[in-house]
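For the numbers below, each heavy atom of this structure counts, side chains included, while hydrogens, waters and symmetry mates do not.
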Amino acid sequence: MNTPANQPATVPTLRDILSARLRAAFAAVFPEADLAALAPDAVPATDDAFGDYQCNAAMAAARLLRLPPRDIAQRVADQLAGDDLLARVEVAGPGFINLTLADTALARRLEDLHAAPALGIPQPGLGKTILLDYSSPNVAKPMHVAHIRSTVIGDALKRIHRALGYRVIGDNHLGDWGTQFGILIMGYRHFLDTAALDTAPIDELQRVYVLSHQKCDDDPEWKDQARLELVKLQAGDPDNRALWQTFIDLSLAEFNRIYDRLGVSFELVRGESYYNDALPGVIAKLENLGLVRESEGALVAFLDDDQLPPCIVRKSDGGYNYATTDLATVFSRVEEFQPDAIIYVTDERQQLHFRQFFTVARKAGVQTRLRHIWFGLMRLPEGLLSTRSGTAIKLDLLLDEAERRALDIVQQASPGMPPEQQREVARAVGIGAVKYADLSQNPQSAITFTWEKALAMDGNSAPYLQYAAARISSVMDKYRERFPDGDFASAPITLDSAPGRRLALRLARYPDVVLDAALQEKPSLLADYLYELSQLYSSFYQNVPFLKAPDGVRESRVRLCALTARVLRHGLELLGITAPERI
RNA sequence: GCGCCUGUAGCUCAGGUGGAUAGAGCAUCGGACUUCUAAUCCGAUGGUCGCAGGUUCGAGUCCUGCCAGGCGCGCCA
């Protein structure tokens, strides 16, 4: 956090350091070679047997340099020999350069990481702002299980970018404007059950909306009236306006309950309605720039040059639509926050819309990097989730069930724990399991929702990671209990066991992983890493004694445990998952 | 019809810029708790990476064509 002014903002990661040495070695041996084309980078070894890192550039360089790849690799390897970081440099196969770090260098790297602010995570985001648009549920509709994807992925992306030094503004762009409100107002006035509104307001709003919507289909007069109510609302009619505000207040109260349970928060909650007054100005701007023209009564931006279908910015009835609101929103955000990037997290169905809208925005002068992070639709084994057919599973229900199952396990595993603590642990474990189930897979894959998968609590799951963290806490406590005068925190780390060394190597990669997760916009990369880290720790824990080890060795191993706990908890925090001290 | 995405073990999924015998979890089978939390660990079984061509030293990864599925394609968001 408090990076002193004289320190570089970005500390090199282990991969950076090794890549720099490889580059220097290539440059020394082949001064005429184009290093940019060769990109002699260090990548993690594909197999422990090959070493810690490898470089594959010699094979690619063979054609450019007109030399056999093994010769190139050998000359680079010779150049690297004696490097203080490396214990071994070997040429293998067709021309792989295999690097094995010196144990002392790896141990020192860990000690530096342990001492560094933020665990040595680089800070490429210092001085930069990112605006993140995620969650964005519709007012007067319950949040169901599919909403968790945008919410949880967006929140994790926010945390990951913050760790890299970015200023990140999370904005919940609520669906609080549009044609549905006329229908809802009619439903509210005619079908409302006030008792139901008190106990379950959103369910009741949803119920009267569905009734009113059905009546629109059967009764043209009803439909006209609904349209009229919408016009009145948009014209600022006080009654309808008050009703609309009620819908928003009730919805936000419900959404906030769920966000609290999930540990998700926003810096801004600006729904579509926030930009209403700006919409005519957007149209005027597009017209002035000559980006739009009338077609079939609507105002349309034609994007033939970009090989995209036309984008309607004003309907033939004079009303505005999604594209108009999104343009108004992006103009407003650019002006107010001057972000370096705006990232939208929505489901896959909106890809075309975003490509169109980004194209129009750029033509209208928006230079900010605009990114659409999309994720696959969530469905049920029997088909799509549907609110109307009642197959949608409410998010609350899923979270309740997750906590209930977690509580069963906690009560069974820790019967001596005070009930209140059991409930607290069950909350962290249950919610963590649900979030992790989503975060641990590639966002772009479609998810078929099953209770079994969403609530998995063994194997590759949040509880596995939380369990590893809790075991470490326990080791720490036992250490302090048995060795009150011991001091592992400043003990030198020595890598004297194979499981310990594997763990150490993985720990040293943490900063690179956080960086990659942000660059590739995939929290799943971080989740995968944390799972592997936990596996390596579990193996270390199971096979290497800590507290019974001799003086010195014990301290070194416990310190490795402590560092693992820090990385694990830090990483889980970036995913928005809390790790209790005890499970 | 056009566009985007997906197809990897019985099931659910990982597999940066092409790299060495394709990896996990679940399930199945066999071991390990008088010892730091067994929600764990150790081991085994399990694969024509949808199909067919191509590019090259080398393809799950890149290109082309098929097959199967999902999503989208002018006044919804």
What's the [atom1]-[atom2] distance between [X] and [N], to the nearest Å?
X	N	atom1	atom2	answer
A:R405	B:A39	CZ	P	18 Å
A:I97	B:A20	CD1	P	16 Å
A:Y529	B:G16	OH	P	18 Å
A:N442	B:U12	CG	P	16 Å
A:Y436	B:G25	OH	P	12 Å
A:I583	B:A38	CD1	P	13 Å

How is [X] classified with respect to the nucleic acid when contacts are heavy atoms under 4.0 Å: base, sugar-phosphate, or nothing?
X	answer
A:N543	sugar-phosphate
A:L519	nothing
A:R314	nothing
A:P545	base
A:D47	base
A:S316	base
A:V475	sugar-phosphate
A:A92	base
A:E532	nothing
A:V544	base
A:V410	base
A:A470	base
A:L547	base
A:E272	sugar-phosphate

Out of [options], which nucleotide sits closest to the side chain of [X]?
X	options	result
A:Q351	B:C4, B:C71, B:A39	B:C4
A:S538	B:U37, B:U40, B:G19	B:U40
A:Q520	B:A20, B:G16, B:U56	B:G16
A:T46	B:G72, B:A20, B:C73	B:A20
A:H353	B:A77, B:U35, B:A39	B:A77
A:D458	B:G19, B:G25, B:C26	B:C26
A:N460	B:C57, B:G25, B:C75	B:G25
A:D528	B:A14, B:G16, B:C75	B:A14
A:E348	B:G74, B:G70, B:U56	B:G70
A:K478	B:G72, B:C57, B:C36	B:C36

Check the orientation of A:F181 and A:F247. Use parallel for under 30°, tilted for 30 to 60°, and perpendicular for over 60°. parallel

Measure up the A:Y479 and A:F488 rings against each other and bin them: parallel (under 30°), tilted (30 to 60°), perpendicular (over 60°).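 Rings of A:Y479 and A:F488: perpendicular, as their planes differ by over 60°.
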
If you assign each of A:P44 and A:A413 to its closest nucleotide in RNA chain B, which residue comes earlier from the 5' end? A:P44

Specify the residue among A:W177 and A:L299 whose closest nucleotide of RNA chain B lies further upstream toward the 5′ end.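 Looking at RNA chain B, the more 5' nearest nucleotide goes with A:L299.
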
Side chains of [X] and [Y]: is there a donor and an acceptor less than 3.5 Å apart?
X	Y	answer
A:W374	A:D347	no
A:D16	A:S19	no
A:Y322	A:Q350	yes

Whole-Å [atom1] distance, [N] and [M]:
N	M	atom1	answer
B:C33	B:G69	C1'	48 Å
B:U61	B:G16	C1'	11 Å
B:A59	B:G15	C1'	14 Å
B:G60	B:U8	C1'	7 Å
B:A20	B:G53	P	23 Å

Charged N to carboxylate O below 4.0 Å: is that the case for A:R501 and A:D52? yes

Phosphate-side-chain proximity, [X] and [N], N/O vs OP1/OP2 below 4.0 Å:
X	N	result
A:S445	B:G7	no
A:K315	B:G74	no
A:Y541	B:A38	yes
A:K522	B:G16	no
A:Y464	B:C41	yes
A:R471	B:U40	no
A:S440	B:A14	no
A:Y322	B:A77	no

Does B:G16 fall in syn (glycosidic angle within 90° of 0) or anti? syn

Syn/anti state for B:C33 [syn: chi within 90° of 0]: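 Judged by the O4'-C1' to base torsion, B:C33 sits in syn, the angle falling within 90° of 0.
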
Do you know which two heavy atoms are closest between A:M59 and A:G95, and how far apart they sit?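 The answer is SD-N, 3.9 Å.
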
Does the side-chain ring of A:F96 sit on the six-membered ring of the B:A20 base, less than 5.5 Å centre to centre and under 30° in tilt? yes

Is it the case that [N] (base atoms only) and [X] (side chain only) share a donor and an acceptor within less than 3.5 Å, ignoring hydrogens and angles?
X	N	answer
A:S474	B:C36	no
A:S461	B:G25	no
A:K453	B:U12	no
A:N98	B:A20	yes
A:Q54	B:A20	yes

Sidechain-backbone polar pair: A:Q422 side chain, A:L407 backbone, donor-acceptor under 3.5 Å: no

Give the intermediate values and the outcome of salt bridge (charged side-chain N to carboxylate O under 4.0 Å, His left out) for residues A:E581 and A:R569. CA-CA 10 Å; A:E581 289 292 322; A:R569 287 176 187 282; 3.7 Å; yes

Identified side chain to side chain contact (heavy atoms under 4.5 Å, CB included) partner of A:V360 from the options A:D306, A:L327, A:D326: A:L327

